[in-house]
Amino acid sequence: MAPVPADPGAGAAGGPSTQRADERLSAVGPLRRLLVKPELGALVGAIAVFTFFAVQSEVFRSARGIANWLDPASTLGIMAVAVALLMIGGHFDLSAGVMSGTTALTVAIVAVEYEQNIWVAIGVSLVVALLLGFFNGWLVTRTGLPSFIITLGTFLMLQGLNLGLTKLLTGTVTATGLASVPGYASAEWVFASRMTILGAEVRVAVLWWVLFTAVASWVLLRTRFGNWVFATGGDEVAARNVGVPARRTTIALFMTTSTAAWFVGTTLAVRLTSVQANTGTGQELIYIVAAVIGGCLLTGGFGSAIGASLGALIFGMTQLGIPYLRWDADWFYFFLGAMLLLAVLANRLVRRYAEAARR
Amino acid sequence: MTAPLLELRDVGKDYGSVIALDGISTTVRAGEVTCVLGDNGAGKSTLIKILSGVHRADRGQLLLDGRPADFGSPREALDAGIATVYQDLAMIPLMAIWRNFFLGAEPTRGWGPFRRFDAARAKDATRRELSAMGIDIRDPDQPVGTLSGGERQSVAIARAVHFGARVLILDEPTSALGVKQAGVVLRYVAQARDRGVGVVLITHNPHHAHPVGDRFLVLNRGRSLGEFAKADVSRDELTRLMAGGAELDQLAHELERPST
């Protein structure tokens with residue numbers, strides 16, 4: 001190759017010896033690099049929210065207080081992580097909330113009304129969840145319709161089924177009596193035990209949440225499947241053109257979400273030993289809020305599992321922080337909405353930067 | 001002389017009652033660039049789809065290494081070493097270059113449930129492969145969306161070459177680019193050619209085709225206007241052929257200022 005020409009413009013084609021491929025580009029600073037991390041906004045937000053409440057409330061920063069606000073964050077977090085994966089893959093699941101109710105009801109009804117061991121009931125519930133997830137995913141990939149509308153349909157259907165079947169089978173709108181079912185003790189140990197850490201009683205769901213987040217994050221960033229999730233959500237046609245099994249990926253994601261709903265539903269059923277027929281309804285948007293606060297783009301292809309967990313953490317801290325400050329609970333939704341707006345605005349900047357194509 | 005990598009004999013394709021292609025013959029040889037030229041609607045896209053396995057030809061024969069071949073899917077064509085770089089590039093703008101580079105063919109390490117995407121190897125291979133093509137990327141971690149159009153084309157070409165493409169089909173790689181960027185891409189086309197790849201360059205721009213091409217197939221309304229070796233045809237003749245010769249003369253005549 002000829003020596004590097006003195007004229008900087010002629011070097012634009014760039015041999016390996018050329019220092020800069022494009023003289024118009026400024027160096028990418030470490031700050032700029034950090035900004036493209038999807039979970040950064042949620043991390044800053046979580047620290048800010050924690051500081052805000054911790055400074056003003058002693059209970060909030062005590063070990064017991066922390067255990068208290070970790071609890072709503074944990075069940076929400078498990079769902080938010082699954083929903084975040086699905087959103088990165090380019091889809092929504094509006095039926096995720098009500099599905100946790102469906103699975104919880106299945107556990108209670110199979111165990112109590114059909115007098116089965118609770119583990120059998122939990123197994124049946126898992127099969128139901130997997131089928132529902134498969135159905136959602138199959139319908140979405142098959143029809144090419146927006147998942148928003150398809151899962152809205154399954155959401156409404158499940159809401160009706162939950163009420164109708166519960167009334168039909170139990171005669172009331174609550175399935176009760178789970179505590180006296182065979183196998184309950186071991187199920188309680190897995191799904192609802194408590195342990196004492198630093199003098200505070202922590203529920204086991206918190207550990208499950210941390211584990212789920214870690215596994216999801218690893219799968220997303222360090223496996224082939226994770227790469228396919230990003231690709232399917234980023235540009236499905238392009239992904240399919242290079243041989244990514246986009247359909248299978250989408251169906252697997254819907255099944256992951258329904259499995260998470262099963263886990264959370266089972267946790268609720270075992271904890272409370274009775275399940276209301278409207279359990280989980282209305283939660284689906286909260287999951288999406290947590291995922292978006294965690295850096296997921298609504299358009300797919302970008303986001304993080306850790307971010308979604310941080311979003312759930314913000315939710316838990318705010319939900320309990322507000323009563324700790326003796327504020328009216330009405331402020332909670334105002335606060336959550338403001339966080340969501342801030343997050344969406346921040347995400348928009350990220351996307352602009354990442355997609356700043358200089359064609 | 002060795003057998004051509006790929007040969008088309010009297011290939012034709014219909015969409016319903018529309019004859020999209022008819023009687024097309026050409027050859028692609030290792031280390032040569034075959035340019036397919038034609039205006040919009042000439043049948044270039046149909047030809048690509050036949051070559052890359054998206055469609056089957058209705059008539060004629062496709063020969064790979066001198067033997068008849070029949071691709072049922074893009075995957076089969078890819079496995080036979082025919083890689084296509086589409087206009088939309090099949091790249092995900094929000095994903096890092098190295099993730100895009102190995103998308104759909106990720107190297108893995110580990111065993112069973114712990115089998116994971118070998119990120120270190122992928123990043124390393126991406127950087128090495130790109131610099132072998134003379135492409136200097138600053139950081140394999142940057143999203144593809146931050147690359148310029150020419151750089152993206154170059155990454156797509158490097159990717160195809162890395163995955164063992166013997167025949168590289170480029171669909172209008174320069175059409176959306178400025179003069180300088182187009183030059184950059186054509187240089188990588190030449191690089192791929194020099195590494196022994198048989199290139200099929202589809203374009204409607206004879207100014208891009210002529211300098212890099214070895215043979216030229218000119219299409220018009222689904223039919224071949226002939227295949228020419230570089231020595232037999234000048235750039236101006238190519239331009240004239242593409243526009244349908246007489247039509248261009250007519251146009252030039254119409255656009256002339258009325259003589260006063």
Side-chain angles (χ1 to χ4, degrees), chain A residues 1 9-22 24-25 27-28 32-33 36 38 88 215 218-246 297 299-303 350-359, chain B residues 52 54 74-75 78 84 86 88-96 99-100 102-108 110 113-119 122 130-139 141-152 154 156 159 163 176-178 180-181 183-185 187-188:
Chain A
M1 189 177 246
S17 56
T18 318
Q19 280 304 304
R20 283 185 302 175
D22 192 327
R24 291 163 304 177
L25 261 187
V28 180
R32 200 94 196 264
R33 273 225 200 149
V36 233
I88 296 168
V215 170
W218 181 78
V219 167
L220 200 55
L221 297 176
R222 282 291 171 264
T223 66
R224 302 187 72 183
F225 181 76
N227 216 32
W228 296 346
V229 171
F230 279 114
T232 308
D235 186 339
E236 192 177 339
V237 178
R240 214 176 285 155
N241 275 347
V242 293
V244 172
L297 289 181
T299 41
F302 192 78
V350 168
R351 188 182 177 99
R352 271 221 197 131
Y353 165 69
E355 279 204 328
R358 296 172 289 114
R359 283 169 215 258
Chain B
S52 60
V54 176
R75 191 81 241 172
L78 205 57
T84 310
Y86 290 99
D88 57 14
L89 297 176
M91 280 209 248
I92 320 290
L94 282 166
M95 287 172 77
R99 283 184 178 275
N100 264 292
F102 285 97
L103 187 58
E106 296 85 355
T108 56
F114 300 105
R115 208 160 76 107
R116 57 198 182 276
F117 186 179
D118 192 344
L130 289 178
S131 73
M133 293 277 297
I135 306 163
D136 178 31
I137 51 163
R138 297 159 289 278
D139 174 10
D141 261 321
Q142 75 186 99
V144 160
T146 61
L147 296 176
S148 69
E151 285 173 316
R152 282 196 230 186
S154 313
R159 175 168 72 181
F163 285 107
L177 303 180
K180 203 159 152 189
Q181 292 279 330
V184 173
V185 171
R187 210 166 301 179
Y188 297 134

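To find a chain, count down the sequence lines: A is the first, B the second, and so on, and within it residues start at 1. If you're wondering where the values come from, they're calculated on a predicted model, not measured in any experiment.
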Note, A:L221 side chain near B:R116 side chain (heavy atom, < 4.5 Å): no

Nearest non-hydrogen partners of A:W228 and B:E106, listed with the distance: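 Answer, listing the atom of A:W228 first, then B:E106: NE1-OE2, 3.1 Å.
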
Minimum heavy-atom distance between A:R224 and B:F117, given as atom pair plus value: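 Looking at all heavy atoms of both residues, the shortest contact is N-CB, 4.1 Å.
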
Euclidean distance, A:D235 CG relative to B:M91 CE, rounded to 0.5 Å: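 Going from the CE atom of B:M91 to the CG atom of A:D235 covers 11.5 Å.
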
Among A:A231, A:G234, A:G243, residue most engaged with chain B (heavy-atom pairs, under 4.5 Å):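 Highest number of heavy-atom pairs under 4.5 Å: A:A231.
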
Side chain to side chain donor-acceptor pair (under 3.5 Å) partners for A:R222, two or more places apart: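 Per chain and number, A:R222 pairs via side chain to side chain donor-acceptor pair (under 3.5 Å) with no residue.
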
Test side chain to side chain donor-acceptor pair (under 3.5 Å) applied to B:S52 - qualifying residues, sequence neighbours left out: B:Y86

Candidate list B:I92, B:N100, B:L103, test side chain to side chain contact (heavy atoms under 4.5 Å, CB included), partner A:N227, passing option: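 Filter result, single survivor: B:L103.
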
